[in-house]
Amino acid sequence: MNLYRSHTCGELTAKDASKIVKLSGWIYRRRDHGGVIFIDLRDNYGVTQVVFHPESGIIDQVSSLGLESVITVEGEVLKRDDAQINPNMITGEIEISVNNLEVQSNVESLPWSVIDDSIPEELRLRDRVLDLRTEGQHEMMKFRSNVIRTMRNTMWDMDINEFQTPLLTSSSPEGARDFLVPSRIHPGKFYALPQAPQQFKQMLMVAGFDKYFQVAPCFRDEDPRADRHPGEFYQLDAEFSFVTQEEVFKIGEKLMTETFNKHTPEGAIVDQGPFRQIAYKESMLKYACDKPDLRNPIEIFDISKVWLDSEFAVFKSIVEQGGVVRAIPAKGAGEQPRSWFDKLGKFAQKQLRMPAAPGYIVKNEDGTFKGPLVKFLRQEQVEAIFAKAGLTETNDTIFLVAGQEKHVLQPLSVLRNKIAEDLNLFEENTFRFAWIVDFPMYEEEDGKIDFSHNPFSKPQGGMDDLLNKDPEDILAQQYDCVCNGYEIASGSIRNADIPSMFKAFEIAGYKKEEVEENFSGMLKTFRLGVPPHGGFAFGIERIIMIMKNESNIRRVITFPLNGRAQCLLTGAPLKANEAQMNELHIRHFNLPEEALD
RNA sequence: GGGGAUGUAGCUCAGUUUUGGUUAGAGUGUCGGCCUGUCACGCCGAAGGUCGCGGGUUCAAGUCCCGUCAUUCCCGCCA
């Protein structure tokens, strides 16, 4: 017998009756009847009812202990009378009649109750340990642990090596803001925390390891979102040599299906590979975003041209000036009350900052149409639009959004999901995957050409594309994996050809010397013989959020930062003292007033 | 940097608009008492409030106005 326990609080049942046992755990609940006291004792594994009788002589001691105190009890396992069995507990057939109590740690007062599930997040973060004891949060972290175990095992089963890569490394000029770490040994110089192990995993391929993965911490100094933890997060990062895009997809599909099949609820529908592949361009048209939620059956389509042959000056001039009109088909939406349409219009203007509420056309029972825009089109034009949408029933509706393409995409995407949600069109308990492929290599903003994704991706046509195509027309062997409206992975087949790498950077405005300097490590190794290679990185937190249907990423992180990137437990970030600053050769300047106190 | 929502007892929330008006309520938790079979135990009693903060309007502000802070969601940002 262990010093503290012979069993856990989740394992004793009727078959253990009359055993003498020792249990340790936290006081979860107490029911004091004056003469007899019941305590629900909780540990990581479960809850067991322990009973104190007056004859034990420790009643007074027990009633003075605070909830969440840690105790060790010793006693006999008693089978309960039939009337006293609690069918809701695994250990509900028995209880422990205690004759010996040892207090490991007494709790004077609790800031809030572990049983209460309506505690605000600020307190949960401040008292995170208490929060991690609550049933929901405790199970969540065990769930995360199990998911990562499955992912690791799946990778190992495919004979993929697990390696670690440096955390103190160099800044990469592309991408998000870096976290910098001042060097003591090299005054004035800084390490950067990796935004991803990108360069190192490629170097592992050059080193001949063939297949690699790791559960990698990634650091990006960006503002948070509900699905984006500020500062740091984890990726299941992987890279493979001598592979094609399709072979990388197979590995990713195996990883996802194994993980989701094992950890989603009974009866869930999980896409089994091969996953759908959707070209970036197609995705932007049909779903108005590059991470579509495919549980939503609505597909947007373009109806720009019809307005050139109409009397509606607003849409006509938008299209004439290169803008677009897009249609969102909404099956049966005409059954909704007028107030629903009004509310949707207000939402669009207020939340999505659309200049006007989206127009709509509803099909009447007699085959005519109604809505503010109907009078501008001929009957056969409207009929053609509905035919294109495949809408044939009374009350079927089409919403219209017009404007320059870059302005309408975001509102379209949000409206597509909101309409489907309001109309209850989403598939339930379903996990829909897709690969978004054929991303453009470059994008133009304010006349400047920049990489639209990863500068290390291979242009689909190689050097030939780089030399002969308009940069905006060059596609990359770059792909994302999306699930239920989240981007859960990103990857590419890398550009392993040194001349075309320089050319690719040149198009984005980087001089040869800059590239040599910033990627010296990687370039040097590439000159030593680089295999064709490619890979992916899956966002672990997002995968867990999706499986648990959680909307906030902090729920799946043991010790998350708050929305302002502060740790309420440790106070991080904190000021450095003078001695530390001196040693690191750094000094403050230009601090805002509020930082000076 | 910008926009929306929220802020009342330790915690969850009602009261705030329509209509500014006596002592701001409930549940839960806490504390005290009672209770030998409960399992979210029960019963009796008590304590607990700068209505986020500051200013303004008014005879009178939790309620109206302005500002500000905090939390959160979104936009920007996220190769």
Side-chain angles (χ1 to χ4, degrees), chain A residues 28-41 47-56 59 63 66-67 78 80-81 83-89 91-92 95 97 108-127 130 135 171-178 195-196 198-199 218-231 233 291 346-347 349-353 407 410-411 414 439 441-443 445 450-457 476 478 487 490-492 504-505 508 510 518-519 537 539 551-554 562-564 566 568 594:
Chain A
Y28 192 35
R29 285 182 286 254
R30 177 176 39 220
R31 292 172 294 280
D32 186 342
H33 290 255
V36 63
I37 298 176
F38 301 93
I39 280 180
D40 290 340
L41 194 66
V47 177
T48 299
Q49 172 166 289
V50 301
V51 193
F52 297 82
H53 291 285
E55 309 84 73
S56 68
I59 286 280
S63 59
L67 292 180
L78 297 180
R80 300 192 201 178
D81 293 342
Q84 286 159 7
I85 286 173
N86 185 342
N88 301 320
M89 292 169 73
T91 61
E95 62 192 13
S97 177
E108 300 271 333
S109 74
L110 281 175
W112 43 273
S113 165
V114 173
I115 298 157
D116 194 341
D117 58 3
S118 59
I119 299 298
E121 193 175 21
E122 198 179 352
L123 298 187
R124 289 177 181 275
L125 295 182
R126 188 194 67 192
D127 308 309
L130 212 49
E135 196 180 352
S171 174
S172 129
E174 286 292 321
R177 277 183 291 270
D178 282 311
Q195 296 185 21
Q198 185 63 35
Q199 294 187 56
C218 302
F219 304 90
R220 295 177 194 178
D221 187 4
E222 289 302 326
D223 288 343
R225 288 287 183 277
D227 65 346
R228 212 165 68 196
H229 185 248
F233 61 97
K291 45 178 184 176
K346 268 190 199 133
F347 171 83
Q349 287 178 281
K350 207 170 175 187
Q351 301 286 315
L352 305 177
R353 311 241 200 121
H407 292 134
Q410 205 261 340
V414 175
F439 275 85
M441 186 90 182
Y442 300 100
E443 63 194 2
E445 201 169 341
D450 205 354
F451 291 107
S452 71
H453 237 288
N454 187 325
F456 306 109
S457 302
Q478 160 82 45
E487 176 194 322
S490 191
S492 66
F505 273 103
Y510 293 89
N518 289 317
F519 304 104
S551 56
N552 193 310
I553 199 166
R554 289 185 291 272
N562 69 5
R564 297 207 302 162
Q566 297 162 312
L568 297 181
E594 60 268 24

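Remember, predicted model here, so these are calculated numbers, not experimental data. By convention in this document, chain letters (A, B, ...) are assigned in the order of the sequence lines, proteins followed by strands, and residues within each chain are numbered from 1.
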Any base atoms under 4.0 Å from [X], or only sugar-phosphate, or nothing? Heavy atoms, all strands.
{"X": "A/Ile119", "value": "sugar-phosphate"}
{"X": "A/Pro120", "value": "sugar-phosphate"}
{"X": "A/Arg80", "value": "base"}
{"X": "A/Glu95", "value": "base"}

Heavy atoms from C-beta onward define the side chain here; which of B/rU36, B/rG37, B/rA40 lies closest to that of A/Gln49? B/rG37

For the side chain of A/Gln410, starting at C-beta, report the closest nucleotide among B/rG37, B/rC74, B/rC11. B/rC74

Do A/Arg228 and B/rC77 have a side chain to base donor-acceptor pair shorter than 3.5 Å? yes

[N] versus [M] - spacing of their [atom1] atoms, nearest Å:
{"N": "B/rC73", "M": "B/rU30", "atom1": "P", "answer": "31 Å"}
{"N": "B/rG62", "M": "B/rC43", "atom1": "P", "answer": "35 Å"}
{"N": "B/rU63", "M": "B/rA24", "atom1": "C1'", "answer": "12 Å"}
{"N": "B/rC53", "M": "B/rA61", "atom1": "C1'", "answer": "16 Å"}
{"N": "B/rA47", "M": "B/rG55", "atom1": "P", "answer": "31 Å"}
{"N": "B/rC51", "M": "B/rG25", "atom1": "C1'", "answer": "13 Å"}
{"N": "B/rU50", "M": "B/rU8", "atom1": "P", "answer": "11 Å"}
{"N": "B/rG21", "M": "B/rC64", "atom1": "C1'", "answer": "14 Å"}

Whole-Å gap separating [atom2] ([N]) and [atom1] ([X]):
{"X": "A/Arg29", "N": "B/rU28", "atom1": "CZ", "atom2": "C1'", "result": "15 Å"}
{"X": "A/Ile39", "N": "B/rC39", "atom1": "CD1", "atom2": "C1'", "result": "13 Å"}
{"X": "A/Asp81", "N": "B/rC39", "atom1": "CG", "atom2": "C1'", "result": "15 Å"}
{"X": "A/Asn454", "N": "B/rC78", "atom1": "CG", "atom2": "C1'", "result": "14 Å"}
{"X": "A/Met89", "N": "B/rG37", "atom1": "CE", "atom2": "P", "result": "19 Å"}
{"X": "A/His33", "N": "B/rC43", "atom1": "NE2", "atom2": "C1'", "result": "12 Å"}
{"X": "A/Asp32", "N": "B/rG33", "atom1": "CG", "atom2": "C1'", "result": "12 Å"}
{"X": "A/Ile37", "N": "B/rU36", "atom1": "CD1", "atom2": "P", "result": "11 Å"}

Pairing nucleotide - [N], Watson-Crick or G-U, each distance under 3.5 Å:
{"N": "B/rG7", "answer": "B/rC69"}
{"N": "B/rU17", "answer": "none"}
{"N": "B/rC64", "answer": "B/rG56"}
{"N": "B/rG1", "answer": "B/rC75"}
{"N": "B/rC34", "answer": "B/rG42"}

Within the side chain of A/Tyr28, is there an N or O that forms a donor-acceptor pair under 3.5 Å with the backbone of A/Val114? no

Has A/Asp81 got a side-chain atom pairing as donor or acceptor with A/Ala83's backbone, closer than 3.5 angstrom? no

Side chains of [X] and [Y]: does their closest heavy-atom pair fall under 4.5 Å?
{"X": "A/Arg220", "Y": "A/Phe233", "result": "yes"}
{"X": "A/Phe347", "Y": "A/Val414", "result": "yes"}
{"X": "A/Pro111", "Y": "A/Leu123", "result": "no"}
{"X": "A/Arg80", "Y": "A/Gln49", "result": "yes"}
{"X": "A/Phe38", "Y": "A/Arg29", "result": "no"}
{"X": "A/Phe456", "Y": "A/Ser492", "result": "no"}
{"X": "A/Ile37", "Y": "A/Ser63", "result": "yes"}
{"X": "A/Met89", "Y": "A/Thr48", "result": "no"}

Can you check each nucleotide of nucleotides 68-73 of chain B against protein heavy atoms at under 4.0 Å and return B for base, S for sugar-phosphate only, - for none, in 5' to 3' order? --SSSS

Walk along nucleotides 4-10 of chain B from 5' to 3' and tag each nucleotide B, S or - by protein heavy-atom contact under 4.0 Å, base first, then sugar-phosphate. SS----S

Are A/Asp178 and A/Gln195 linked by a side-chain donor-acceptor pair shorter than 3.5 Å? yes

Side-chain N or O of A/Arg31 closer than 4.0 Å to phosphate OP1/OP2 of B/rC41: yes

When A/Asn88 and A/Ser113 are each assigned the nearest nucleotide of RNA chain B, the 5'-most assignment goes to A/Ser113

What distance separates A/Asp223 CG from A/Arg177 CZ, expressed to the nearest 0.5 Å? 6.0 Å

